Chemist: 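Okay, here's the structure, questions in a sec.
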Amino acid sequence: MVGNGKMNPSSEAEEGGVKSLLKWAAKYGIEVSESCSSLGLGHCLGVSCFPGAGGRGVAALRPISNGELLLKVPKSALITTDSLLSRDETLSLALKAHPSHSSTQVFTVCLLYEINKGKASPWHPYFLHLPRSYSIIAAFGELETQALQVDYAIWAAQKAVTKAKYEWEQAFTLMKKLKLKPPLLTFRAWIWATGTISSRTLHIPWDEAGCLCPVGDLFNYAAPTEDPDSFENVENWQNEHAKDDLDIHQSQRLTDGGYEEDVAAYCFYAKKNYNVGEQEVIYTLMSSGLNMSPNQAIAEVPSLAFNPIEALSLLSSSVVVTCAYGACNSAVLLSYGTYTNLELLEYYGFLLEDNPNEKVFIPLDLDMHSLSCWPKESLYIHQNGRPSFALMCALRLWATPPQQRKSIGHLAYSGCPISKGNEIYVMKWIGKKCDALLKEMPTSVEEDKSLVHLIDKMEEYENLGEFVKKASAVFGGEFGDNNILKAAYGVEGDDELTSLVRTKMLIDRWKLAVQWRLMYKTVVALCISYCTDIINSLSTQ
């Protein structure tokens with residue numbers, strides 16, 4: 001996490017804030033009790049902090065068995081478009097006059113309208129504990145976008161920003177009609193609401209936009225992995241590739257919660273056995289950044305008191321429970337589906353360093369795509385550096401002389417090597433392609449590692465400005481004259497605190513971009529090593 005230690009709230013304030021949230025949740029029928037030394041969610045769960053592994057999350061207070069029901073959140077506590085419309089006739093009538101908006105646009109407008117009510121909203125205590133900003137790629141500026149360096153990632157970011165702006169502009173007239181306060185009409189507020197819905201909503205059968213689930217969204221994320229029993233554990237080339245890519249073996253659900261009609265509640269289940277005292281690496285579904293409670297923010301900047309959205313817009317993390325409260329307990333994780341790192345960045349604003357569902361794409365010639373019956377998204381390199389099953393099939397066929405493709409094409413499509421010469425040719429082509437790709441990048445793997453290390457060292461400095469002056473000589477010119485640091489300090493009219501917050505948010509997003517491209521390059525480098533090993537092995541046979 002990028003942050004200034006001096007600005008973190010006290011443990012007492014954090015504990016009090018979460019206790020307040022849980023007491024509010026209890027009024028909505030979510031079972032809450034205090035047990036052991038942790039903040040409790042019933043008798044088996046507690047809210048804890050896992051330093052360096054996602055921050056605030058849910059911990060096991062007793063041993064939990066795989067498949068055990070963890071938490072039930074009644075329908076009355078869920079925030080949905082229907083629940084918001086049913087409480088406000090003005091909102092309902094206004095939306096009827098704008099039937100062309102998508103379900104997500106409608107939910108976004110409804111969320112901002114509810115925020116506009118301030119303390120009059122029954123969900124106000126929950127809103128105060130949402131992240132104050134998100135690092136989804138729709139929030140990326142041009143500099144952070146270019147920092148991704150890889151064409152398809154840059155395109156994904158530009159597409160996300162363009163889509164968000166278009167949807168905001170479409171909904172602007174409706175929001176003005178609803179008389180939202182000026183800060184809630186801004187694109188920044190729209191991005192905040194979009195990020196909330198993108199990263200925190202859960203699936204419900206009656207609305208594509210999903211629902212916000214108070215307390216249920218405290219669970220941290222675990223990437224689902226393949227079922228080890230779904231394939232024969234063989235060592236040969238063909239089956240290893242098949243194991244990487246085929247997804248027809250889903251023997252267990254990818255999600256660990258769902259809305260159940262018979263109990264009218266969202267139910268969450270354990271995805272594995274948990275033992276008290278066990279430690280795991282976890283990854284949060286929430287953005288991280290500047291740690292400040294709403295009350296502290298208002299104390300620092302009194303003008304924020306008039307409207308909570310200013311705090312939501314400027315401050316960049318939710319209240320976090322410190323490790324003093326149950327950090328020794330096991331983190332209880334839930335899976336919400338399979339995502340590549342670029343998808344995690346797009347929808348949630350974070351990355352997994354070890355993501356079993358990662359896919360890295362390299363540029364392919366048009367004739368390679370035309371020869372292949374495989375969809376483009378299946379032609380990738382796995383996190384371990386292995387070309388995917390489909391990519392190998394396509395390249396083996398492409399490397400076969402045109403006059404022979406019809407007669408031996410079935411071998412390529414079945415995943416079998418066509419010949420030793422064909423296999424070596426394909427491996428050399430992939431290796432050269434990956435090597436050229438790395439050489440074309442503006443920065444190397446080692447330079448990106450240094451950049452991430454430098455950004456991490458920001459926490460050691462008392463003053464962010466002091467760090468910027470000392471580090472700018474190393475990374476300040478990454479984008480020439482228009483670099484990240486100048487952009488961060490280039491907003492006129494900001495007071496010192498606002499400038500600090502904006503700078504930290506920008507650098508947080510920049511760090512994510514650098515981390516993503518570093519992971520991309522690492523996989524490409526692993527692929528080069530893998531191809532070299534295969535070539536050497538085949539050449540000695």
Side-chain angles (χ1 to χ4, degrees), residues 21 24-25 28 73 75-96 98 101-134 136 138-139 160 163-204 206-218 266 285-287 294 307-316 318 347-349:
L21 173 64
W24 168 84
Y28 277 83
V73 180
K75 186 176 183 179
S76 59
L78 303 178
I79 303 174
T80 67
T81 297
D82 288 348
S83 66
L84 296 175
L85 290 177
S86 65
R87 293 170 176 266
D88 198 295
E89 186 177 0
T90 299
L91 178 62
S92 181
L93 291 174
L95 282 170
K96 287 179 180 179
H98 294 78
H101 295 319
S102 69
S103 59
T104 302
Q105 278 179 297
V106 171
F107 194 18
T108 305
V109 171
C110 290
L111 177 59
L112 290 171
Y113 182 80
E114 195 67 21
I115 290 285
N116 192 64
K117 296 178 181 179
K119 292 182 179 180
S121 169
W123 287 284
H124 178 69
Y126 169 70
F127 293 148
L128 288 178
H129 291 272
L130 290 173
R132 306 312 180 218
S133 72
Y134 297 91
I136 57 174
K163 180 176 182 288
K165 286 184 177 178
Y166 175 73
E167 292 181 343
W168 168 62
E169 290 168 354
Q170 271 193 322
F172 191 80
T173 300
L174 172 59
M175 292 191 293
K176 285 198 72 174
K177 184 177 180 180
L178 289 168
K179 299 179 180 179
L180 300 188
K181 295 182 178 74
L184 292 168
L185 293 172
T186 64
F187 181 60
R188 192 194 312 170
W190 182 267
I191 286 294
W192 174 84
T194 299
T196 298
I197 292 170
S198 173
S199 66
R200 307 185 75 85
T201 52
L202 304 178
H203 171 74
I204 49 177
W206 65 88
D207 192 340
E208 289 182 1
C211 70
L212 290 171
C213 184
V215 179
D217 58 11
L218 291 175
Y266 217 99
L285 278 169
M286 295 173 285
S287 302
N307 194 329
I309 192 61
E310 278 300 303
L312 294 173
S313 299
L314 289 176
L315 302 177
S316 55
S318 55
Y347 301 125
Y348 298 107

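Atoms considered below: every heavy atom in the structure, side chains included; atoms not considered: hydrogens, waters and symmetry mates. Bear in mind the structure is a predicted one, so any value in this text is a computation, not a measurement.
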Chemist: Using the ring-ring contact (aromatic ring centres under 6.0 Å, His included) definition, which of the options Trp168, Trp192, Tyr166 pairs with Phe187?
Modeler: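 With Phe187 as partner, Trp168, Trp192, Tyr166 yield a single ring-ring contact (aromatic ring centres under 6.0 Å, His included), made by Trp168.
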Chemist: Please round to the nearest 0.5 Å and tell me the distance separating atom CG of Asp82 and atom OG of Ser92.
Modeler: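 The CG atom of Asp82 sits 10.0 Å away from the OG atom of Ser92.
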Chemist: Given side chains that start at C-beta, do those of Leu95 and Cys110 come closer than 4.5 Å, heavy atoms only?
Modeler: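 Leu95 reaches Cys110 side chain to side chain.
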Chemist: Quick one: CD on Glu114 to CG on Asp88, what's the gap to the nearest 0.5 Å?
Modeler: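 These two atoms lie 7.5 Å from each other.
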Chemist: Around atom CD of Glu208, are there more than 12 heavy atoms of other residues, nucleotides or ligands at under 6.0 Å?
Modeler: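 No, because the 6.0 Å sphere around CD of Glu208 holds 12 heavy atoms or fewer from other groups.
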Chemist: Looking only at heavy atoms, which two atoms of Ala189 and Pro183 are closest? And how far apart?
Modeler: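 Between these two residues, the closest heavy atoms are CB-O, 3.3 Å.
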Chemist: Answer yes or no: is there a side-chain heavy-atom contact under 4.5 Å between Leu212 and Phe107?
Modeler: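 Yes, their side chains come closer than 4.5 Å.
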Chemist: Nearest 0.5 Å, please: how far is CG in Leu111 from OG1 in Thr104?
Modeler: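 Here the rounded value is 12.0 Å.
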Chemist: Provide the closest heavy-atom pair for Ala94 versus Leu174 in the form atom of the first, atom of the second, distance.
Modeler: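 Result for this residue pair: O-CD1, 3.7 Å.
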Chemist: Could you pull out the closest heavy-atom pair between His124 and Gly118, with the gap in Å?
Modeler: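 Taking His124 first and Gly118 second, the nearest heavy atoms are ND1-O, 3.3 Å.
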Chemist: Does Tyr28 reach the side chain of Pro214, with side-chain heavy atoms less than 4.5 Å apart?
Modeler: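 Side-chain contact under 4.5 Å: no.
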Chemist: Please check if the side chain of Tyr113 supplies one atom and the backbone of Met175 the other of a donor-acceptor pair under 3.5 Å.
Modeler: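 Flag not set: sc Tyr113 to bb Met175 has no pair under 3.5 Å.
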Chemist: How far does CD of Gln105 sit from CD1 of Ile197, to the nearest 0.5 angstrom?
Modeler: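 It is 10.5 Å, given to the nearest 0.5 Å.
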Chemist: We want to know whether Thr196 and Tyr134 form a side-chain donor-acceptor pair, criterion being a heavy-atom distance below 3.5 angstrom.
Modeler: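 Yes, Tyr134 and Thr196 have a side-chain donor paired with an acceptor closer than 3.5 Å.
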Chemist: So do Val215 and Tyr266 actually touch side chain to side chain, heavy atoms under 4.5 Å?
Modeler: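 Heavy-atom side-chain distance check fails, nothing below 4.5 Å.
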Chemist: Could you tell me which non-hydrogen atom of Ala138 sits nearest to which non-hydrogen atom of Ile191, and how far apart they are?
Modeler: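 Shortest heavy-atom contact: O-CD1, 3.5 Å.
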Chemist: Looking at Tyr347, is its backbone amide N or carbonyl O close enough to the side chain of Ser198 to form a donor-acceptor pair, meaning the two atoms are under 3.5 Å apart?
Modeler: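 Side chain of Ser198 to backbone of Tyr347, a donor-acceptor pair under 3.5 Å: yes, one is there.
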Chemist: Closest heavy-atom contact between Val106 and His101?
Modeler: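 The answer is CG2-CB, 3.9 Å.
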Chemist: Is it the case that the side chain of Trp190 and the backbone of Val109 share a donor-acceptor pair, with hydrogens and angles ignored and the cut-off at 3.5 Å?
Modeler: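 Pair absent, no side-chain N/O of Trp190 close to backbone of Val109.
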Chemist: To the closest 0.5 Å, what do you measure between OG1 (Thr90) and CG (Leu85)?
Modeler: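 So the OG1 of Thr90 and the CG of Leu85 are separated by 11.5 Å.
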Chemist: Which atoms form the tightest heavy-atom contact between Leu91 and Leu84, and what is the distance?
Modeler: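 Of all heavy-atom pairs spanning Leu91 and Leu84, the closest is CD2-O, 4.0 Å.
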Chemist: Tell me, do Ser83 and Lys75 make a side-chain contact under 4.5 Å, heavy atoms counted?
Modeler: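 SC-SC contact between Ser83 and Lys75 ruled out.
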Chemist: Does a side-chain N-to-carboxylate-O contact under 4.0 Å join Glu169 and Lys165?
Modeler: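 No, this pair does not count.
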Chemist: How long is the gap from NZ on Lys181 to CG on Leu112, to the nearest 0.5 Å?
Modeler: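 One finds 12.0 Å between NZ of Lys181 and CG of Leu112.
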Chemist: Could you tell me whether the side chain of Trp24 and the main chain of Trp123 form a donor-acceptor pair under 3.5 Å?
Modeler: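 No; zero donor-acceptor contacts below 3.5 Å.
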